S.K.: 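Below is one structure. I have some questions about it.
Per chain, numbering begins at 1; letters A, B, ... match sequence-line order. Only a predicted model underlies this, so the values are computations on that prediction, with no experimental measurement involved. Only this structure's heavy atoms are used, side chains among them; waters, hydrogens and symmetry mates stay out.
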Amino acid sequence: MVPLNYFLILAAILFCLGVIGFVMKRNLITMFMSIELMLNSVNLTFVAFSRHINVLSGQIFVFFVMVIAAAEAAVGLAIIVAFYRNRESLNVDEVDRMKL
Amino acid sequence: MTLPQVPILPILPELILTLFGIAVMLFDPFTAKPHKSWLSSLAFIGVLAALAGNVLLLAAEGEYYNGMIIVDSFSVFFNFLFLIIAGLSILASRQYLVREGVNHSEYYGLLLFATVGMCFMGGANELIMIFIGLEITSISTYVLAGFRRTDLKSNEAAIKYFLLGSFATAFLLYGIALMYGATHTTHLSQISSALLTGRIDLRLVLAGTALMMVGFSFKVATAPFQIWTPDVYEGAPIPVTGWMSVGPKAAGFAAFLRVFFVALPALDQKWFWVLWVSSVLTMTIGNTAAMLQSNIKRMLAYSSIAHAGYILVAFAALTPNGIASIMFYLLAYSVMNLGAFAVISAWSLSGERRVTIDEFAGLGYRQPWLAAAFTVFLLGLTGIPLTAGFTGKFFMFRAAINSKLYWLTIIALLNSAASLYYYLRPTIAMYMREPGESGRTSAPQDSAPLQISMATKVVIAVSVLAVFYLGLFPSTILDFAQSSAFLVH
């Protein structure tokens, strides 16, 4: 059986990749996908722990997270579409109508 | 085969709000265009029904659904707070929505659904439940922030809130996952007892605590996670800004308090310093930046950051009295801010063309009552005696002093005094300047008499009364808050 730590480290790497993608990328869709990557790395953590300690609840939580991520995707893409209609761009640097 | 009996009483307010939210959206197609605003009455009735349902909860204390939901006076208090906020916001939005010509049914539906999420956050006894409640609130709020679909600023507010909000949620969730891995449970009281046994991986717990703190700090907009607040509050429609600055923030604090005091008291010496530093930063950044603003929405956004900082002062006291004073202050702050935003919404013209502080010039002569109410709210936010703001701050800072946090209290008092500068600026503009003085020539239709709807007047009147009631007779509500704070602590 693969040790727990492997899964945890993989999940941590995926989470960090998501964070890096969110910070570095300038395209709204790519930033959104980075967030999805972060959420999925959390799912992996939940499942790994759940299997390791033999408690099923962690796997149930993953369903909740997936459903909520789907709802968030629906709303998020709608917001991005609304922005695209007004600005004809997906570049986050153009989200700049308000500044300090 | 018999189905298990599912009790509906513990989530009665949430159920009522959900049903009315669906009803509001279902009745929309059957309502003729000129009569759409009756949907707001329907939503308001829903809030009243949920308030009645919440009264029944008082008799049903206990844990339900395998301990996922808890009904205690803490959750009942917050339900009352969220429902009051929702009711006032619905009334305050009515005229605005007609004026701006945006859809009514989705707006009220989302407002009710967001309130459902907030009630779940107040009553959650388990981390996953908190996450679900938080997401119900957040997803509805993302849409509400961008509700003026064709307005670029509103779009931008929605995009920023959505991206940064989901980013922060991922951190919160990762924290929950690590906490689950370390303690093998997500129930708050079981986490607490697992921590006391000492047979757990402390590194995982600390990492989980830190990540959860990031998530909560974002939701309540405290430093260093407050960056999104000014832009989102400036871009969102005025009634939504008013609602966002009190509702989701109060819900965030409800969950924040419950998680940290019920699940993690064993580590309080570790997270105490984080709160201390964050509190100082939040207050100072909020107040300093608020002084530099010319847009009133943006100024109140920074002011709301500063107020979150004051709340952290009482949080850092780590006592039941501190929790009770936070609960009282959240109520006081809610009525003051909702009232202030109702005034701004009435004064701003269609398309939100009149929202800078200079443009409040002459309000004192043209609408003496409106100006007087606005002054009351601003003085309340400053913390002038006789108002709710003073009493609330007094209780919070007293709790901090009782815990020997002298430096923190001094910094908070200095900040509070400095805030007088920017709260007085609109007042000075209203009473001491002539309308044309700011250099901008106003269009003739801008100086037409202001039409203020009955609903807006009710919101402003109720808020003014509440500011004075909480300022002069705080004991009833404070006693209730105190009795529930002991349960959490």
S.K.: Start with the C-alpha gap between Y180(B) and S57(A), add the side-chain angles, then the distance that decides, and say whether side-chain contact (heavy atoms from CB on, under 4.5 Å) holds.
M.R.: CA-CA 10 Å; Y180(B) 169 73; S57(A) 56; 3.1 Å; yes

S.K.: Against chain A, label I139(B) side chain, backbone, both or neither, depending on which of its atoms sit under 4.5 Å from a heavy atom there.
M.R.: both

S.K.: Please determine, among V75(A), L28(A), L39(A), I53(A), the option with the most heavy-atom pairs under 4.5 Å with chain B.
M.R.: I53(A)

S.K.: Would you mind telling me which of I79(A), N86(A), I80(A) makes a side chain to side chain contact (heavy atoms under 4.5 Å, CB included) with N155(B)?
M.R.: N86(A)

S.K.: If you count heavy-atom pairs within less than 4.5 Å of chain B, which of F49(A), F64(A), F32(A) leads?
M.R.: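 Max contact count across the listed options: F49(A).
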
S.K.: Highest number of heavy-atom pairs under 4.5 Å with chain B: which of E94(A), M38(A), E72(A)?
M.R.: E72(A)

S.K.: Between S50(A) and chain B, which part of the residue has a heavy atom less than 4.5 Å away: side chain, backbone, both or neither?
M.R.: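 It is both, since atoms from each part get that close.
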
S.K.: Does I176(B) form a side-chain contact (heavy atoms from CB on, under 4.5 Å) with F46(A)? I'd like the steps, not just the answer.
M.R.: CA-CA 9 Å; I176(B) 293 175; F46(A) 266 126; 3.9 Å; yes

S.K.: Less than 4.5 Å to any heavy atom of chain A: does that hold for the side chain of I136(B), its backbone, both, or neither?
M.R.: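 Neither part.
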
S.K.: Inspect the surroundings of CZ in R51(A) and state if more than 12 heavy atoms from other residues, nucleotides or ligands are less than 6.0 Å away.
M.R.: no

S.K.: Relative to chain A, which segment of S154(B) carries a heavy atom at a distance below 4.5 Å: side chain, backbone, both, or neither?
M.R.: neither

S.K.: Verify whether the ring centers belonging to F131(B) and F61(A) lie closer than 6.0 Å.
M.R.: no

S.K.: Establish, yes or no, whether a centroid distance under 6.0 Å links the rings of F15(A) and F171(B).
M.R.: yes

S.K.: First locate atom CG of L163(B), then atom CD1 of I35(A), and finally report the distance between them rounded to the nearest 0.5 Å.
M.R.: 5.0 Å

S.K.: Go through the atoms of L204(B) and report whether side chain, backbone, both or neither lie under 4.5 Å from a heavy atom of chain A.
M.R.: side chain

S.K.: Taking every non-hydrogen pair under 4.5 Å, which of V19(A), I60(A), N43(A) racks up the most with chain B?
M.R.: V19(A)

S.K.: Would you mind checking which part of A12(A) comes under 4.5 Å of any heavy atom in chain B, side chain (CB onward), backbone (N, CA, C, O), both or neither?
M.R.: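 Both backbone and side chain of A12(A) come within 4.5 Å of chain B.
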
S.K.: For R26(A), is the CZ atom crowded, meaning more than 12 foreign heavy atoms sit under 6.0 Å from it?
M.R.: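 More than 12 within 6.0 Å, yes.
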
S.K.: Please say whether more than 12 non-hydrogen atoms of neighbouring residues, nucleotides or ligands are located less than 6.0 Å from CG in N5(A).
M.R.: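 Result for CG/N5(A): enclosed.
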
S.K.: So do the side chains of F162(B) and L77(A) get within less than 4.5 Å of each other, counting heavy atoms only?
M.R.: no

